[in-house]
*Asks:* 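Dumping the structure here so I can ask a few things about it.
Values below: every heavy atom of this structure, side chains too, minus hydrogens, waters and symmetry copies. Note that the structure is a prediction, hence the values are computed from the model and not measured.
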Protein chains: 2
Amino acid sequence: MAVVDRRQQVLQAAAKCFTLFGYKATTMDQVARIANVGKGTIYTFFMNKEQLFDEILRGVIVEMKKVAEREIRRDKAFFDNLHRVLDALLEFRSEHELFIKLSQESRDFGTPQAGEGLDKLESVVLEYLEREVEHAIQDGEIKPCDPKIVSLVMFRLYIVLTAELNKVHEPLGKEQIQQYFQLFIGDGLAQRA
Amino acid sequence: MAVVDRRQQVLQAAAKCFTLFGYKATTMDQVARIANVGKGTIYTFFMNKEQLFDEILRGVIVEMKKVAEREIRRDKAFFDNLHRVLDALLEFRSEHELFIKLSQESRDFGTPQAGEGLDKLESVVLEYLEREVEHAIQDGEIKPCDPKIVSLVMFRLYIVLTAELNKVHEPLGKEQIQQYFQLFIGDGLAQRA
DNA sequence: CGAATGACCGTTTTAGTAAACTGGTCATTA
DNA sequence: TAATGACCAGTTTACTAAAACGGTCATTCG
């Protein structure tokens with residue numbers, strides 16, 4: 001119990017620090033202090049700073065996968081699943097905050113670990129999306145296309161609608177994000193006869 | 001003649017340097033040397049380095065506008081115009097090279113002038129796109145939507161297909177870019193009955 | 001005479017270094 | 001014997017001198 005508790009304390013403190021200060025600006029002394037633990041204790045559970053960070057990230061990814069798997073029903077339509085997963089993901093405030101902090105750090109300071117972390121997360125999401133898109137193509141739910149390209153575009157669209165747009169436009173509500181997702185990915189802009 | 005020629009020499013040399021080395025790594029001595037001109041001469045025509053850079057950028061923007069205006073026919077359909085403009089823009093190698101260099105510089109070193117230059121270009125393109133989208137909505141060619149959002153998404157889609165995709169996929173040909181543009185912006189992915 | 005020039009100026013950037021800090025270890029402690 | 005923090009080696013930061021830069025202007029050249 002004491003062991004698990006300490007490990008958990010470190011994980012929580014680290015998650016807090018990484019989300020608050022980013023990778024580089026988070027020091028192991030700080031994590032130890034916040035976790036109420038001697039610095040050496042951290043190294044009982046985690047090999048080094050990078051592995052600790054990886055563990056946090058892995059947790060986020062696992063959490064996201066859980067959300068996705070909980071919402072996806074194989075008997076439902078692709079777009080139906082897509083919207084439910086999107087909806088559930090948009091609720092994850094803490095995950096988004098870490099994500100945003102790492103984006104800032106990667107952009108403003110070019111910290112390699114921040115960039116690599118984002119890349120890792122992106123590649124997991126893309127792999128996942130890719131599989132779903134392949135499914136949908138095979139089931140004839142969406143038109144034949146390259147899943148790699150489609151999943152990348154979908155991911156980028158998500159970023160644009162949830163983050164980038166906020167610089168030139170007031171933030172979109174969940175319903176609006178859903179609506180524009182359907183417009184671009186599903187139905188297209190063209191007014192049909 | 002001599003005056004115009006010197007000014008032109010400076011502009012050409014500067015365009016070359018900015019494309020090759022980016023904003024910061026381009027020195028006025030270098031521009032003068034390549035232009036076969038004394039450094040002081042540059043300041044006869046341009047107030048300072050930043051204004052010289054602006055002039056180059058303004059030229060690129062004017063060139064792009066010309067291309068767009070040459071291709072747009074008010075009597076043709078929105079998507080028809082879109083594809084012709086896209087096609088024409090994809091031919092502009094030199095313009096693209098400057099953008100790519102500035103993107104790198106902004107990302108890798110955070111040079112403010114590089115970022116501001118890109119922002120300026122982006123806002124011009126977005127304004128232009130926005131007007132065209134508004135037209136198309138009024139003419140009932142595309143569904144009702146927020147032109148600001150749609151134009152931003154279109155712009156980002158262009159970046160993804162022409163640049164970002166190349167990191168994980170072999171570069172797309174012009175026809176493929178057109179095809180995916182039509183798929184996402186025009187028709188949508190959904191397989192209709 | 002006036003447009004072109006490059007040596008020159010003040011400022012900024014870079015290179016080099018000493019001091020401070022950080023990630024990681026391990027002898028000591030509780 | 002698990003937890004700890006003083007300690008170590010390596011890195012980052014803060015500081016300074018030297019180099020390089022953008023920009024000027026007295027001089028030169030056509």
Side-chain angles (χ1 to χ4, degrees), chain A residues 1-18 20-57 101-102 105-106 108-117, chain B residues 1-18 20-57 102 104-106 108-117:
Chain A
M1 152 86 200
V3 172
V4 175
D5 193 42
R6 279 190 139 69
R7 195 190 139 92
Q8 216 56 29
Q9 272 177 290
V10 171
L11 273 175
Q12 275 179 24
K16 196 170 171 180
C17 286
F18 286 134
L20 230 51
F21 312 117
Y23 179 86
K24 204 185 156 202
T26 292
T27 71
M28 295 302 259
D29 279 312
Q30 203 175 19
V31 172
R33 212 173 329 118
I34 290 179
N36 263 90
V37 145
K39 190 166 61 157
T41 307
I42 300 178
Y43 292 90
T44 317
F45 305 115
F46 306 98
M47 218 162 54
N48 52 37
K49 185 178 180 180
E50 205 148 351
Q51 210 231 37
L52 174 59
F53 180 62
D54 271 10
E55 212 64 34
I56 303 284
L57 223 60
K101 189 74 207 175
L102 292 179
E105 190 179 355
S106 180
D108 298 346
F109 300 99
T111 312
Q113 287 86 352
E116 283 161 25
Chain B
M1 153 82 199
V3 172
V4 174
D5 192 42
R6 281 192 139 67
R7 195 188 140 92
Q8 216 56 28
Q9 271 177 292
V10 171
L11 274 174
Q12 276 179 23
K16 196 169 168 181
C17 286
F18 286 133
L20 230 50
F21 312 116
Y23 179 85
K24 205 184 155 205
T26 292
T27 71
M28 294 303 258
D29 279 311
Q30 203 174 20
V31 173
R33 209 169 335 116
I34 291 179
N36 262 91
V37 147
K39 189 164 63 157
T41 309
I42 299 177
Y43 292 88
T44 319
F45 305 114
F46 306 98
M47 220 163 51
N48 53 36
K49 185 180 178 178
E50 205 148 352
Q51 209 230 35
L52 173 60
F53 179 61
D54 272 10
E55 211 65 33
I56 303 284
L57 224 60
L102 291 179
Q104 281 178 4
E105 189 179 356
S106 181
D108 298 346
F109 301 99
T111 313
Q113 287 87 352
E116 285 160 23

*Asks:* Within 45 degrees of the axis of the six-membered ring of Y23(A) and under 6.0 Å from its centre: does K49(A) put its NZ or CZ there?
*Replies:*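 The answer is yes; both the distance and angle limits are met.
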*Asks:* I need the CG-P distance between N48(A) and dT25(C), as an integer number of Å.
*Replies:*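 Computing the N48(A):CG to dT25(C):P distance gives 8 Å.
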*Asks:* Expressed in angstrom and rounded to an integer, what is the separation of F21(A) atom CZ from dT22(C) atom P?
*Replies:*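 The distance from CZ of F21(A) to P of dT22(C) comes to 12 Å, rounded to the nearest Å.
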*Asks:* Can you check the M28(B) CE to dG6(C) P distance for me, whole Å?
*Replies:*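 It works out to 15 Å between those atoms.
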*Asks:* Does K16(B) have more than 12 heavy atoms from other residues, nucleotides or ligands lying within 6.0 Å of its NZ?
*Replies:*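 Not more than 12 within 6.0 Å, no.
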*Asks:* Provide, to the nearest angstrom, the distance between the CZ atom belonging to F45(A) and the C1' atom belonging to dA3(D).
*Replies:*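 F45(A) atom CZ is separated from dA3(D) atom C1' by 9 Å.
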*Asks:* Are L52(B) and L11(B) packed together at the side-chain level, in the sense that at least one heavy-atom pair is separated by less than 4.5 angstrom?
*Replies:*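 L52(B) reaches L11(B) side chain to side chain.
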*Asks:* Just to confirm, is there a sub-4.0 Å distance from OP1 or OP2 of dA4(C) to any side-chain nitrogen or oxygen of R6(B)?
*Replies:*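 Looking at the OP1 and OP2 atoms of dA4(C), one of them is under 4.0 Å from a side-chain N or O of R6(B).
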*Asks:* Can you sort out which residues in residues 31-42 of chain B have a heavy atom within less than 4.0 Å of DNA chain C? Ascending by number, please.
*Replies:*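 Close to the strand are V37(B), G38(B), K39(B), G40(B), T41(B).
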*Asks:* Y43(A) has a side chain; which of dT25(C), dG23(D), dT13(D) sits nearest to it?
*Replies:*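 Nearest listed nucleotide: dT25(C).
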*Asks:* Given dT5(C), dT13(D), dT4(D), which nucleotide is nearest the side-chain atoms of K24(A)?
*Replies:*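 Of dT5(C), dT13(D), dT4(D), dT13(D) is nearest to the side chain of K24(A).
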*Asks:* Would you mind reading off the distance between K49(B) atom NZ and dA20(D) atom C1', rounded to a whole angstrom?
*Replies:*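 Taking NZ of K49(B) and C1' of dA20(D), I get 11 Å after rounding.
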*Asks:* Taking the side chain as every heavy atom from C-beta outward, state whether E55(A) and F45(A) have any atom pair closer than 4.5 Å.
*Replies:*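 They are not in side-chain contact.
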*Asks:* Take the protein atom CG of D29(A) and the nucleotide atom P of dG24(C), then report the distance between them rounded to whole Å.
*Replies:*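 For the pair D29(A) CG and dG24(C) P, the rounded distance is 12 Å.
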*Asks:* In this structure, how many angstroms lie between the P atom of dA3(D) and the CZ atom of F46(A), rounded?
*Replies:*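 Checked: the CZ to P distance equals 13 Å.
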*Asks:* Answer whether the closest heavy-atom distance between the side chains of F109(B) and Q104(B) falls below 4.5 Å.
*Replies:*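 Side chain of F109(B) against side chain of Q104(B), heavy atoms only: no contact under 4.5 Å found.
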*Asks:* How long is the gap from OG1 on T27(A) to NZ on K39(A), to the nearest 0.5 Å?
*Replies:*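 Spacing of OG1 (T27(A)) from NZ (K39(A)) equals 8.0 Å.
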*Asks:* What is the distance, rounded to the nearest whole Å, between atom CD of Q51(B) and atom P of dG23(D)?
*Replies:*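 Atom CD in Q51(B) sits about 10 Å away from atom P in dG23(D).
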*Asks:* Go through the steps to decide whether E116(A) and E50(A) satisfy the test side chain to side chain contact (heavy atoms under 4.5 Å, CB included), and finish with yes or no.
*Replies:* CA-CA 11 Å; E116(A) 283 161 25; E50(A) 205 148 351; 4.0 Å; yes
